[in-house]
Amino acid sequence: MKVGYKLATESFGPGELIRQAVRAEQAGFDFVEMSDHFHPWLDNQGHSPFTWTVLGAIAVKTERIGLVTGVTCPTVRYHPAIIAQAAATLALVCDGRFTLGVGSGERLNEHVIGPGFPGSVRVRHEMLREALEIIRSLWRGGYRSYEGKHLRLEDARVFDLPEQLPLIPVAAGGAAAARIAAELGDGLFATEPKSELVRHYREAGGSGPCYAEVPMAWAADEHTAAKAVLETSRWAVTGWKVMSELPNPANFDAATATVREEDILEQFACGPDPARYVEAAQEYVDAGFDHLVMQNAGPDPDGFIDFYQRELDHRIRALQPS
């Protein structure tokens, strides 16, 4: 079991994210995971720094902790050649501590460059397959070209390659993406405790780590924790089909206007009781995930890190499938 800490790039600026990463290392987390967004989910979150710059700074400020993108879309806003170069460089800077999580993206972030975000999930998956083939090709060294249905590469070479290439877990919300993870990735990434995702991944030949984000919100009382989630993170209850389609924070604000505190408490472990957090983590362990990301949406990140170190670390690492 590996346990990670989610750095909320939508809620904090770059300096604060770097500080939290250092604290996470001191608290014993195995890795930190960052989303790779252009926009926050809601305007009142107020942040969305460039993930790759922040990761580079964390790499030189830490010594042990792993760094994971959760996740980067290498098909629209970025060309996969750029991600191949960025990931290789970061792996060198952090001495092999980097893991490149990738996925097919959300309209929220990818539409900003103008050509549009594919409306068809099938097309997004085709593009992700091509992107992974391009990244793998460039990581073999030498000059490479590629002619795909959606993506192209012309005489490109990544000159600085690490001896140990980053693992590439692939985000999946269904069977098709889980097969891509098995065929072209090195692991699985998910946001829901769905055992069928792990099963599809394993049945397709996947044998790598399985990452999942566990929603939680620490505060001294349950109401304060749930209120913080309602204010800044209520978008998380909409589900992936909504999260991947809406184009702007204003749309997420409108789409979540009717979310209630009761809805938050159904999905998030909130408050000061360690048992609730362990119960939430157990769902993911039972589903087959072995790399759990503590996704705290509470109002006090330092309080959560202290709580994790004091009350949760030993309990969560001891979990076994029921």
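Just so it is clear, the model here is predicted, and its values are computed rather than measured. Sequential numbering from 1 along the given sequence is applied to the chain's residues.
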Between Asp253 and Arg234, is the closest basic N to carboxylate O distance under 4.0 Å?
-> yes
Heavy atoms only: give me the nearest Val198-Ala287 pair and the separation to one decimal.
-> CG2-O, 3.3 Å
Given side chain to side chain contact (heavy atoms under 4.5 Å, CB included), test Val54 with Thr9 step by step and report yes or no.
-> CA-CA 9 Å; Val54 178; Thr9 58; over 6 Å; no
Side chain of Arg97, backbone of Ala59: donor and acceptor closer than 3.5 Å?
-> yes
Run the salt bridge (Lys or Arg N to Asp or Glu O under 4.0 Å) check on Lys227 and Glu231 step by step: do they pass?
-> CA-CA 6 Å; Lys227 184 172 179 289; Glu231 289 175 356; 2.7 Å; yes
Would you confirm whether Asn248, through its side chain, and Ala250, through its main-chain N or O, come within 3.5 Å as a donor-acceptor pair?
-> no
Atom pair CG (Asp221) and CG (Asp273), whose distance is rounded to the nearest 0.5 Å = 13.0 Å
Pairwise ring-ring contact (aromatic ring centres under 6.0 Å, His included) hits with a residue in residues 12-34, at least two apart | Tyr5-Phe29, Phe29-Tyr308, Phe31-Tyr211
Ring pair (Phe, Tyr, Trp, His ring centres under 6.0 Å) against Tyr201, all qualifying residues, sequence neighbours excluded = none
Taking all non-hydrogen atoms of both residues, which atom of Tyr146 and which atom of Leu151 are closest, and how far apart?
-> CD2-O, 3.6 Å
Atom CG of Leu67 and atom OG1 of Thr51: how far apart are they, to the nearest 0.5 Å?
-> 12.0 Å
On a heavy-atom basis, the closest approach of Val170 and Ala177 is CG1-O, 4.4 Å
Rounded distance (nearest 0.5 Å) linking atom CD of Glu33 with atom CD of Glu213 = 4.5 Å
Closest non-hydrogen contact found for Gln45 with Ser11 is NE2-OG, 3.5 Å
Within the distance-only criterion (no hydrogens, no angle test), does the side chain of Arg107 pair as donor or acceptor with the backbone N or O of Phe117 below 3.5 angstrom?
-> yes
Taking the side chain as every heavy atom from C-beta outward, state whether Met34 and Ile58 have any atom pair closer than 4.5 Å.
-> yes
Output, in order, the C-alpha distance, side-chain angles, deciding distance and verdict of side chain to side chain contact (heavy atoms under 4.5 Å, CB included) for Gln26 and Gln309.
-> CA-CA 9 Å; Gln26 294 167 348; Gln309 189 174 22; over 6 Å; no
Please list all pairs passing the ring-ring contact (aromatic ring centres under 6.0 Å, His included) test where one or both residues lie in residues 258-289, with sequence neighbours left out.
-> Tyr277-Phe307
Separation between CD of Gln85 and CD1 of Ile135, rounded to the nearest 0.5 Å = 12.0 Å
Atom CD of Glu279: over 12 foreign heavy atoms under 6.0 Å = no
Atom CD of Glu262 with >12 non-hydrogen neighbours under 6.0 angstrom | yes
Apply salt bridge (charged side-chain N to carboxylate O under 4.0 Å, His left out) to Lys241 and list each qualifying residue two or more places apart in sequence or on a separate chain.
-> none
Same apolar cluster: Phe98 and Val71, side chain cutoff 4.5 Å | no
Measuring from Leu292:CG to Leu312:CG, what's the distance to the nearest 0.5 Å?
-> 11.5 Å
Under the criterion side chain to side chain donor-acceptor pair (under 3.5 Å), which of Arg315, Arg310, Arg317 is the partner of Asp313?
-> Arg317
Would you call Arg19-Glu16 a salt bridge at under 4.0 Å N-O?
-> yes
Sub-3.5 Å donor-acceptor pair from the side chain of Thr256 to the main-chain atoms of Val259, do we have one?
-> no
Backbone N or O of Asp36 within a donor-acceptor pair of the Asn109 side chain at under 3.5 Å?
-> no
Assign the ring pair His111 / His39 to parallel, tilted or perpendicular, where the plane angle (0 to 90°) is split at 30° and 60°.
-> tilted
Any sub-3.5 Å donor-acceptor pair from Asp263's side-chain atoms to Arg260's backbone N or O?
-> yes
Under the ring pair (Phe, Tyr, Trp, His ring centres under 6.0 Å) test, residues paired with Trp139 that sit two or more places apart = none
Do the charged groups of Glu133 and Arg129 touch, with an N to O distance under 4.0 Å?
-> no
Atom CD of Glu63: over 12 foreign heavy atoms under 6.0 Å = no
Tell me, do Pro169 and Thr99 make a side-chain contact under 4.5 Å, heavy atoms counted?
-> yes
Distance-only, no hydrogens or angles: does the Gln282 side chain make a donor-acceptor pair with backbone N or O of Gln320 under 3.5 Å?
-> yes
Mark yes when over 12 heavy atoms from residues, nucleotides or ligands other than Phe38 sit less than 6.0 Å from its CZ; otherwise mark no.
-> no
Which value, rounded to the nearest 0.5 Å, describes the distance between Leu90 atom CG and Leu100 atom CG?
-> 9.5 Å
Any donor and acceptor pair, going by atom type alone, linking the side chain of Asp43 with main-chain N or O of Pro249 inside 3.5 Å?
-> no
Least distance between heavy atoms, Lys6 atom then Gly70 atom | NZ-O, 4.3 Å
Would you check if Leu138 and Leu153 make a side-chain contact, meaning some heavy-atom pair closer than 4.5 Å?
-> yes
All side-chain hydrogen bond (donor to acceptor under 3.5 Å, both in side chains) counterparts of Gln267, not counting sequence neighbours | none
What are the two closest non-hydrogen atoms of Pro74 and Gly103, and how far apart are they?
-> CD-O, 3.5 Å
Does any N or O in the side chain of Arg64 come within less than 3.5 Å of the main-chain N or O of Glu25, such that one atom is a donor and the other an acceptor?
-> yes
